[in-house]
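What follows is a single structure, written as structure tokens, with notes after it.
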Amino acid sequence: MMLDLTLGAVFTRALTLSVERSDRKILSRGSFLSYGPCQTPVLNLVVRRALERENFKPEKYYTLHIIVDANGNKITLNHDGTFKARQDAEKILDVVKSAGSAKVVIANYQEEALSPPIPLDTIELERRASKFLNIRPKAALDIAEELYRHGYISYPRTETTIYPQTLNLKQILLSLSHGEHSDYVKELLNSPIRPTRGDSNDGAHPPIYPTKGVGRRELLRYFKNERYWRIYDLVVRHFLATLSPPARVERQKVVVEVAGHRFNADGLRIIERGGYLVIYPFESPSERVLPRLRVGEELRIEKAWVEERETEPPPYLSESELLRLMRRYGIGTDATMQDHIHTNIIRGYFRVRNKQCIPTPLGKAVISVLSKTGGELIDPWFRSRMEKALMEITRGGSLRPGDVLFTFKSEARKIYEKFSSKQSEVAMELVKALKESLSKGGRNRKASN
């Protein structure tokens with residue numbers, strides 16, 4: 001708290017005053033440009049991906065494809081390489097057309113299990129709500145807390161992915177046997193219960209699970225909002241999936257050879273649509289079934305062609321991917337990660353559109369000036385180092401609070417001095433971004449705790 005307050009206050013003040021000294025009217029009374037030791041590294045992740053996308057220069061390349069006849073079944077196979085020059089691809093195309101047939105060199109059909117998900121913690125609830133339901137992380141957690149307060153699910157702020165032995169899973173199933181998912185629940189009750197498990201335990205709260213079975217109509221009668229049912233339904237289905245057997249699929253791979261050149265096709269067949277996919281369709285894979293072939297089999301080539309393509313830029317970060325990166329770098333806790341995303345949004349630093357995090361000109365400018373004057377402050381690994389040092393204190397290790405405060409404040413002081421030496425440059429870039437935001441209808445938001 002001391003570090004976050006110190007760094008946040010000092011650099012929020014520095015950013016705000018640099019703008020006010022340059023243009024006193026650009027910020028309305030009570031408004032400011034904020035920095036946060038968690039908030040701003042999150043913004044940096046979003047901006048960095050956006051800049052990769054914007055600076056991306058597409059390049060043309062060429063691919064080669066064939067269609068073969070396998071006992072009446074048409075299979076499209078792709079050359080295992082790409083070509084920068086069309087003439088290189090067309091040389092091979094001529095050879096392939098002259099050959100007229102392809103020989104099967106690999107025909108692999110391998111069964112494997114698709115494992116059910118592990119028990120649900122806060123971040124996975126938020127990620128999956130965003131990915132599967134298109135519900136924002138903060139909204140998902142707010143709804144989950146309301147469901148908890150009304151007795152429908154367990155406490156939703158948890159980092160645990162292992163059901164404790166004290167949790168009576170069978171009793172929970174019995175409580176769900178009269179709800180919307182009763183038929184599937186009864187099947188589970190007639191089978192051995194073998195829950196999946198993750199590898200984290202915060203020692204305080206169990207994974208998120210349903211505490212009461214309820215029908216959609218009853219829940220909507222109380223909350224009058226479809227999203228409450230969708231979050232509740234996700235929690236129930238996820239819980240039931242963790243107690244379910246795996247699904248079984250067959251991974252398929254066919255490779256053919258034509259005049260020394262290899263072409264391949266990948267397929268997937270769902271052997272049985274049982275297992276956890278019955279109750280958890282969100283993870284159901286797409287089928288593309290290949291016919292059974294034998295090594296050495298000759299197949300007639302019906303068509304061969306070259307396609308011109310362009311390399312594609314990386315997508316903007318999705319909220320789901322952003323949460324995963326925050327967990328990787330240790331930015332925030334499971335209970336606060338969605339707050340750091342939301343803070344950036346209300347500050348006008350980025351917005352979420354179609355599940356994608358898109359930085360505003362102001363958000364880019366904040367990262368730009370800080371990267372020039374104090375790149376460590378926006379580097380996710382800076383926050384990660386801080387978190388590791390704090391965890392060392394809690395474990396009773398060699399680090400002491402005073403030592404950690406001194407180390408990080410000393411680093412921040414050097415960054416502040418560099419920032420102060422470039423006040424005019426900083427102010428020009430921020431004022432320009434603020435004017436651009438205002439011209440597009442943006443407005444500064446009033447400070448809030």
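What you see is a predicted model, and the numbers here were worked out from it, not measured in a lab.
Contact check for Lys422 versus Glu425: side-chain heavy atoms found under the 4.5 Å cut-off. Put simply, the side chain of Pro359 reaches to within 4.5 Å of the side chain of Val47, judged on heavy atoms. You'll find the side chain of Val235 reaches within 4.5 Å of the side chain of Leu125, heavy atoms only. For the pair Ser244/Leu188, a side-chain contact is recorded, criterion being any heavy-atom separation below 4.5 Å from C-beta on. No side-chain heavy atom of Val256 sits less than 4.5 Å from a side-chain heavy atom of Asn264. Counting heavy atoms from C-beta outward, Pro37 and Asp4 have side chains that approach closer than 4.5 Å. Between Val42 and Asn344, some side-chain heavy-atom pair lies under the 4.5 Å cut-off. Using a 4.5 Å cut-off on side-chain heavy atoms (C-beta onward), Val369 and Leu15 make contact.
Pro137 approaches Glu319 most closely through the heavy-atom pair CD-OE2, 2.9 Å. For Val352 against Ile345, the heavy-atom pair with the smallest separation is CG2-CD1, 3.7 Å. Between Ile231 and Ala140, the shortest heavy-atom contact is CD1-CB, 4.0 Å. Counting all heavy atoms, side chain and backbone alike, Thr12 lies closest to Phe32 at CG2-CD1, 3.7 Å. The two atoms that bring His238 and Pro119 nearest to each other are NE2-C, 4.1 Å, heavy atoms only. Looking at every heavy atom in both residues, Ile270 comes nearest to Ser284 through CD1-OG, 4.3 Å.
With sequence neighbours excluded, no residue satisfies side chain to side chain donor-acceptor pair (under 3.5 Å) with Glu20. For Arg128, the side chain to side chain donor-acceptor pair (under 3.5 Å) partners two or more places apart in sequence, or in a different chain, are Glu124, Tyr280, Glu283. Here Tyr163 pairs with Phe239 under the ring pair (Phe, Tyr, Trp, His ring centres under 6.0 Å) rule; sequence neighbours left out. Partners of Arg216 by side chain to side chain donor-acceptor pair (under 3.5 Å), not counting sequence neighbours, listed by chain and number: Glu226. Tyr276 pairs by the ring pair (Phe, Tyr, Trp, His ring centres under 6.0 Å) definition with nothing, not counting sequence neighbours. With sequence neighbours excluded, the residues that form a ring pair (Phe, Tyr, Trp, His ring centres under 6.0 Å) with Phe132 are Phe282. Listed by chain and number, the residues in a side chain to side chain donor-acceptor pair (under 3.5 Å) with Arg149 are Glu146 (sequence neighbours excluded). Evaluation of the salt bridge (Lys or Arg N to Asp or Glu O under 4.0 Å) rule for Asp379 yields no partner, not counting sequence neighbours.
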Item to complete: In sequence, state the C-alpha distance, the side-chain angles, and the governing distance for Lys84 and Asp88, and then conclude on salt bridge (Lys or Arg N to Asp or Glu O under 4.0 Å).
Response: CA-CA 8 Å; Lys84 289 189 175 182; Asp88 293 337; over 6 Å; no

Discussion item. Please evaluate residues Arg86 and Glu90 with respect to the criterion salt bridge (Lys or Arg N to Asp or Glu O under 4.0 Å), reporting the C-alpha separation (whole Å), side-chain torsions for both, the decisive distance (0.1 Å), and the verdict.
Written reply: CA-CA 6 Å; Arg86 175 181 281 276; Glu90 289 181 341; 3.3 Å; yes

Item to complete: Begin with the C-alpha distance, continue with both residues' side-chain angles, and end with the deciding distance and a verdict on side chain to side chain donor-acceptor pair (under 3.5 Å) for Thr161 and Ser200.
Response: CA-CA 5 Å; Thr161 56; Ser200 60; 3.0 Å; yes

Practice prompt. Kindly determine whether Asp121 and Arg327 satisfy salt bridge (Lys or Arg N to Asp or Glu O under 4.0 Å), including the steps that lead there.
Written response: CA-CA 12 Å; Asp121 64 9; Arg327 170 172 275 179; 2.7 Å; yes

Worksheet item: side-chain contact (heavy atoms from CB on, under 4.5 Å) between Met386 and Phe408: does it pass, once the steps are laid out?
Response: CA-CA 8 Å; Met386 190 185 295; Phe408 286 100; 4.0 Å; yes

Discussion item. Applying side-chain contact (heavy atoms from CB on, under 4.5 Å) to Ile279 and Val236, what does each step give before you reach the verdict?
Written reply: CA-CA 9 Å; Ile279 196 66; Val236 174; over 6 Å; no

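The local environment of NZ in Lys355 is crowded, with over 12 non-hydrogen atoms from other residues, nucleotides or ligands closer than 6.0 Å. In Arg13, the CZ atom is not crowded: 12 or fewer heavy atoms of neighbouring residues, nucleotides or ligands sit closer than 6.0 Å. Other residues, nucleotides and ligands contribute at most 12 non-hydrogen atoms within 6.0 Å of the OH atom of Tyr148. Within 6.0 Å of the NZ atom in Lys60, the count of heavy atoms belonging to other residues, nucleotides or ligands does not exceed 12. No more than 12 heavy atoms of other residues, nucleotides or ligands shown are found within 6.0 angstrom of OH on Tyr416.
Separation of atoms OG1 (Thr343) and NZ (Lys138) is listed at 9.0 Å; rounding is to 0.5 Å. Atoms CG and CZ, from Leu322 and Arg127 in turn, are 11.0 Å apart once rounded to the nearest 0.5 Å. Between the CG atom of Leu268 and the CD atom of Glu287 there is a distance of 6.5 Å, given to the nearest 0.5 Å. Once rounded to the nearest 0.5 Å, the distance linking CG of Leu45 with CZ of Arg328 reads 9.0 Å. The CH2 atom of Trp229 sits 10.0 Å away from the CD atom of Glu218 when rounded to the nearest 0.5 Å. Atom-to-atom distance recorded for Leu169:CG and Gln165:CD is 10.5 Å, nearest 0.5 angstrom.
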Identify every side-chain donor-acceptor pair in residues 395-405 under 3.5 Å, counting partners at least two apart or on other chains, and give the distances.
residue, atom, partner, partner atom, Å
Arg395, NH2, Glu392, OE1, 3.3
Arg400, NH1, Gly397, O, 2.7

Distance-only check: which donor-acceptor pairs under 3.5 Å involve side-chain atoms of residues 203-214, not counting sequence neighbours?
residue, atom, partner, partner atom, Å
Thr211, OG1, Gly151, O, 2.7
Thr211, OG1, Tyr152, O, 3.2
Thr211, OG1, Ile153, N, 3.2

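No hydrogens or angles considered: nothing links the side chains of Gln110 and Glu112 as a donor-acceptor pair under 3.5 Å. Ser34 and Arg347 form a side-chain donor-acceptor contact under 3.5 Å, judged by distance and modelled atom types alone. At a cut-off of 3.5 Å, with distance as the only test, no side-chain donor of Ser130 or Ser320 sits close to an acceptor on the other residue.
The ring-ring contact (aromatic ring centres under 6.0 Å, His included) pairs that include a residue from residues 323-350 are Tyr329-Trp381, where partners are two or more places apart or lie in different chains. Applying the side chain to side chain donor-acceptor pair (under 3.5 Å) definition to pairs two or more places apart or across chains, those involving residues 44-54 are Arg49-Glu321, Glu54-Lys364.
Proximity of the aromatic rings of His79 and His65 is defined here by a centroid distance below 6.0 angstrom, and this criterion is not met. Ring centers of Tyr222 and Tyr228: at least 6.0 Å apart, outside the cut-off.
In this structure a side-chain-to-backbone donor-acceptor pair under 3.5 Å is present from Ser421 to Lys418.
For the side-chain contact (heavy atoms from CB on, under 4.5 Å) with Phe263, the qualifying choice from Asn78, Val96, Val255, Asp80 is Val96, the only one to do so.
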